[in-house]
Amino acid sequence: MEYNFSEIEKKWQQRWTAEGSYKVTNDPSRPKCYVLDMFPYPSGSGLHVGHPLGYIASDIYARYKRLKGFNVLHTMGYDAFGLPAEQYAIDHGIHPAVSTDDNITNFRQQLDNIGFCYDWDRSFRTSDPSYYKWTQWIFLQLFESWYDRKAGKARPLTALLELFAAAGNTAHQCPGDPSIRFDAAAWNSYDNRRQQEILMNYRLAYCGYGEVNWCEALGTVLANDEVIAGVSERGGYPVVKKKLRQWYLRITDYADRLLEGLGTVEYSDAMKEMQTNWIGKSFGAEIDFAIYKAPPDKKLRVYTTRPDTLFGVDFMVIAPEHELISTITSAEQRPAIDEYLAYVNSRSERERMAEKKITGCFTGAYAIHPFNGLHIPIWTSEYVLAGYGTGAIMAVPCGDERDFKFAQYFQLPVTNIIGDQYNGLEANPTKDAILQNSDFLDGLVMKDAIVIAIKKLEEKGIGTRKVNYRMRDAAFSRQRYWGEPFPITWESDERGEGQSLIATPLDESQLPLELPHVEKYGPGPEGEGPLANVAAWTARHLETNTMPGYAGSSWYFLRYMDPHNDQEFCSRAASDYWGQVDLYIGGTEHAVGHLLYSRMWTKFLYDRGWIGHEEPYKRLVNQGMIQGSSRFVYRVELKAKPAEMNSQGKPALLGSNNPIFVSSGIAAMEGTPEYHQLITLAVREIFNDPGIELESITLTPLHVDVNIVDGVELDIEAFKKWRSEYANAEFILEDGKYTCGVEVEKMSKRLYNTVNPNDLVTKYGADTYRMYEMFLGPVEQSKPWDTKGIEGVHRFLRKLWRLFYDETKGQVWTTAPASQEEWKCIYRTIKKTGDATERFSFNTGVSALMIGVNELIDLKCHKKEILEKLVIILTPYAPHVSEELWRLLGNEGSVLDAPYPAVEEKYLVESAKNYPIAINGKTRTELTIDLDATQQQVEDIVLADDTVKKWLEGKPPKKVVYVKNRMINVVI
RNA sequence: GCGAGUGUGGCGAAAUUGGCAGACGCACCAGACUUAGGAUCUGGAGCCGUAAGGCGUGUAGGUUCGAGUCCUAUCACUCGCACCA
């Protein structure tokens with residue numbers, strides 16, 4: 001009876017499904033564990049071996065926790081809405097609903113093959129109306145809520161209305177526009193249109209005009225995290241700034257709590273760092289500078305984190321978009337400024353990013369230093385961004401690199417306020433220097449001076465302490481088809497003014513607002529979404545934008561807890577039971593996008609009392625990326641010398657019809673005489689013509705499908721079949737083999753370096769495949785895929801099988817009682833495997849199992865009472881073979897619910913230890929000594945040893961270091 | 001430029017706290033069984049050296065009885081951010 005993995009796996013997958021073995025119930029009487037994968041966008045190219053890495057890790061952990069007695073929630077769904085799905089559909093001319101369907105079918109089949117323990121009854125896709133009904137519902141709650149900064153939490157808008165009616169907004173500054181101020185009387189006098197305008201500036205989901213990242217090629221706006229270096233993350237198309245009406249999430253109001261929350265979760269430091277940087281909190285001051293010869297109410301307000309350098313200011317720089325620029329520019333500078341602004345306008349975001357040259361222009365205006373009255377020239381330059389701080393800075397060239405370069409370029413004088421800490425050649429951004437030339441700050445260390453400067457500025461009423469964030473409110477609308485429609489209609493106000501439409505929420509009873517099926521989903525008119533082309537849609541005055549991809553993924557983890565509830569997004573009982581996700585596994589690419597948004601939504605739902613916890617993911621593990629290991633063949637095109645001219649008198653091109661490939665070792669010699677000679681000889685043989693002389697050789701490396709390469713050796717027959725044009729290819733070999741070149745690249749179909757899990761499962765089985773992915777190395781680590789080692793893991797499972805059944809002898813397991821040594825072996829294995837699984841060190845978990853099996857083979861142990869424990873601890877890693885063996889041993893229930901064996905420590909305690917004996921730190925010998933030996937006993941034993949005596953050469957040792965249960969070191 | 005991370009045999013890696021460096025596996029070598037072996041089993045193996053022994057965790061220092069692990073400097077690679085005042 002041999003290990004027939006394909007039969008075993010098929011059998012158990014069917015039975016587990018039929019028996020509902022993975023069905024999870026919300027059972028508050030049992031301890032819970034929630035293990036979640038970042039759900040995939042079902043791409044058209046299906047899964048390659050890189051994708052399941054995290055899924056296998058979480059599956060092992062989920063199964064392990066189940067054996068440990070936890071009620072484990074583990075399920076899977078699809079992030080089906082969004083730009084990639086729509087783009088794929090457009091590229092392939094298939095409706096996104098159809099392509100998404102097809103892709104999901106394919107994904108599901110691939111996932112099922114690997115044997116995951118998902119409760120598929122809880123699965124959904126974000127594009128299901130029954131799901132996005134609740135995405136829309138949460139959006140409406142965001143729309144109807146504001147952030148009460150005093151209370152530090154979101155509250156319903158109705159509470160704000162009461163506050164306004166009673167006391168205006170004096171106690172609750174308007175987050176959207178701080179200049180909006182009114183008392184109760186004013187509020188009550190406003191008409192509905194004005195009141196709605198004001199409320200829009202408070203809503204957590206709001207609509208406004210703003211500079212957005214507009215991508216013409218994709219025909220939509222993108223969030224900041226979807227734009228990389230001036231081009232779109234998807235497709236790499238140019239992105240420009242454009243003013244458009246957009247929906248936003250007021251995530252900036254959650255900036256502080258998103259930062260604080262990082263202290264309560266277990267994410268990697270790198271992940272926390274990325275989020276912290278993205279939020280970009282900085283502490284500083286806003287300072288008002290009077291402008292020379294300007295009316296006193298026209299002040300130049302700058303933001304600085306270094307108010308201590310106030311006396312080092314040599315010039316001011318304002319952003320080209322700054323509102324003051326038109327009013328302060330002097331007559332003689334006007335032409336230069338106009339020209340400069342035109343130049344800035346002509347530059348795309350991309351150009352600015354790519355070529356960072358120093359540009360700028362003097363406005364002709366001067367600011368007045370509030371303490372020494374000096375006149376400070378005001379410049380404008382691209383390097384000051386309109387969107388951050390006040391869009392204006394005070395430039396301190398001796399302390400800031402950019403200011404310094406600017407000063408140098410325009411030959412502006414530099415004031416030194418830090419003495420010999422400034423060398424005149426570059427700026428020194430230190431905070432530790434002692435200030436000079438700084439009036440009341442003289443003699444202070446800079447970091448202490450910051451506080452003092454702010455205090456003085458506040459006293460004089462020309463500055464205030466100010467916290468700034470780099471993070472902007474998140475753009476929340478897309479001018480695309482394949483997303484959740486906004487449950488919003490645009491109603492004209494009571495005066496029927498077409499220009500001032502009021503965003504009006506649909507009633508909850510009208511949800512879900514279903515996405516209409518359309519045949520064509522091209523862009524609508526004037527930057528509007530495709531829905532603007534749907535007459536039935538526009539007739540209802542419905543919002544024509546759709547929500548971005550991250551809307552549905554911001555709360556999906558809650559839906560798994562209560563997936564079929566059509567009264568609520570998730571009952572409070574369900575979310576209270578399952579609580580936080582205990583383990584969340586996914587890639588780093590979602591570090592700032594998805595994770596920040598879902599953290600914000602969770603905090604919001606918590607604020608409003610719908611759930612009881614405010615951080616969604618307690619522990620986050622980022623699986624590494626599996627890179628592709630590409631293989632290359634080297635094609636040569638050869639030009640023969642004139643002696644070989646053909647009938648037309650042109651040099652013959654050899655290898656253009658029947659391609660010729662040289663092995664990588666030969667290709668590597670390119671350019672050497674040996675290379676030329678070797679190829680010439682080979683070509684003479686191929687064409688059976690000893691007269692051929694080559695004039696030139698052109699070498700082209702080409703990607704070849706990794707699946708027809710064994711290690712680096714090309715399967716030539718498979719290669720000829722791979723492409724019809726290679727059917728008659730010729731090969732110049734090395735040692736009778738064709739060796740391919742190797743390079744590590746991203747895994748992608750285009751590079752022919754993808755490996756499909758299905759192929760490996762067919763060849764070795766799901767259990768082998770699962771274990772091999774884990775055996776590759778730590779989950780968090782990125783590494784190139786290499787199929788080579790999978791045989792070793794497969795061999796392990798076959799060796800395991802032979803502990804139970806032998807090909808010739810049949811059953812070899814017995815019910816004989818186990819020996820002391822066998823117990824010791826199994827308990828050691830249980831301990832090591834369990835510990836490894838607990839700390840996500842799945843590669844060492846696999847190796848602990850291998851060691852255990854090797855030892856049991858050495859012990860010739862075939863005892864049921866030992867083997868059945870082994871089978872249980874193997875279950876998380878290789879569930880199919882474990883279940884099969886478990887049943888063959890005569891057990892009744894499923895191994896999936898067997899109790900994880902406890903470690904009996906008594907079998908593991910030792911009375912003596914084989915100590916390494918080191919001389920001066922170098923191990924020279926070993927001695928077995930009782931664990932409770934005293935220092936004196938140890939010294940006596942060690943010094944009597946022949947090897948030690950030899951090294952001592954008769955002299956007494958300086959010292960004998962004895963660390964119990966570790967080692968012994970003799971110092972000479 | 002700034003921030004984070006990683007450097008260990010031919011290869012993937014291991015070494016929870018400073019205590020036998022290289023577990024486990026791949027590839028490799030030798031042998032056994034075989035008509036055969038890309039099956040299976042047994043054994044070998046970091047490098048140099050016949051051996052004794054020496055050298056070994058990117059490089060150079062340091063702390064320590066003892067360093068892959070801690071400290072300082074430096075190099076290389078990977079990732080993230082990139083005019084954020």
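Within every chain, numbering begins at 1; the chains are lettered A, B, ... in the order of the sequence lines, protein sequences first and strands thereafter.
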Please list each protein N or O that sits under 3.5 Å from an N or O in nucleotides 25-33 of chain B, with the distance.
residue: B/G25; atom: OP1; partner: A/N854; partner atom: ND2; Å: 3.0
residue: B/C26; atom: OP1; partner: A/R795; partner atom: NH1; Å: 2.8

Nucleotide N/O to protein N/O under 3.5 Å, stretch nucleotides 1-4 of chain B:
residue: B/G3; atom: O2'; partner: A/E273; partner atom: OE2; Å: 2.7

Give each protein N/O atom lying under 3.5 Å from an N/O atom of nucleotides 42-53 of chain B, with the pair distance.
residue: B/G53; atom: OP1; partner: A/K950; partner atom: NZ; Å: 3.0

Find every protein N or O atom lying less than 3.5 Å from an N or O atom of nucleotides 62-70 of chain B, and list the pairs.
residue: B/C65; atom: O2'; partner: A/N969; partner atom: ND2; Å: 3.1
residue: B/C65; atom: O2; partner: A/N969; partner atom: ND2; Å: 2.7

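Contacts of A/R839 with the nucleic acid, taken as non-hydrogen atoms under 4.0 Å apart, include base atoms. Among the protein residues, A/S841 comes within range of no part of the nucleic acid, since none of its heavy atoms lies under 4.0 Å from any strand. Here A/E926 lies in heavy-atom contact (under 4.0 Å) with a base.
Atoms CE and CE, from A/M771 and A/M850 in turn, are 6.0 Å apart once rounded to the nearest 0.5 Å.
Formation of a donor-acceptor pair under 3.5 Å by the A/D288 side chain with backbone atoms of A/G463 is not found in this model.
Summary of the strand contacts: A/D403 and A/N914 both lie near RNA chain B, and taking for each the nucleotide with the nearest heavy atom, the more 5' one is attributed to A/N914. Remark on RNA chain B: of its neighbouring residues A/T923 and A/A386, the 5'-side contact belongs to A/T923, judged by nearest-heavy-atom nucleotide.
Side chain of A/M274, nearest nucleotide from B/G80, B/A85, B/C41: B/G80. Of all nucleotides listed (B/C83, B/A13, B/C20), B/C83 comes nearest to the side chain of A/L385. When the nucleotides B/U40, B/A85, B/U17 are ranked by their closest atom to the side chain of A/R966, B/U17 comes out on top.
Neither OP1 nor OP2 of B/C20 sits under 4.0 Å from any side-chain N or O of A/Y915. Considering only side-chain N and O atoms, A/T844 lies nowhere under 4.0 angstrom from the phosphate OP1 or OP2 of B/A13. An OP1 or OP2 oxygen of B/A13 is reached within less than 4.0 angstrom by a side-chain nitrogen or oxygen of A/Q781. Residue A/N843 has a polar side-chain atom (N or O) positioned under 4.0 Å from OP1 or OP2 of B/A14.
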Self-check item: salt bridge (charged side-chain N to carboxylate O under 4.0 Å, His left out) assessment of A/E2 paired with A/R798
Solution: CA-CA 8 Å; A/E2 61 177 30; A/R798 287 212 306 266; over 6 Å; no

Quiz item: Please walk me through it: do A/H794 and A/Y772 pass ring pair (Phe, Tyr, Trp, His ring centres under 6.0 Å)?
Solution: CA-CA 8 Å; A/H794 192 58; A/Y772 182 58; over 10 Å; no

Quiz item: Just the dot-bracket of RNA chain B, please: which string comes out with Watson-Crick or G-U pairs under 3.5 Å, [ ] for crossing, | for another strand?
Solution: (((((((..(((......[....))).(((((.......))))).(((....)))..(((((..]....))))))))))))....

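Residues from residues 307-319 of chain A that place a heavy atom under 4.0 Å from any atom of RNA chain B: there are none.
Among A/Y409, A/Y340, A/Y343, the single residue meeting the side-chain hydrogen bond (donor to acceptor under 3.5 Å, both in side chains) criterion with A/T359 is A/Y340.
A salt bridge is absent between A/D308 and A/K447: the closest approach of a Lys/Arg side-chain nitrogen to an acidic carboxylate oxygen does not fall below 4.0 angstrom.
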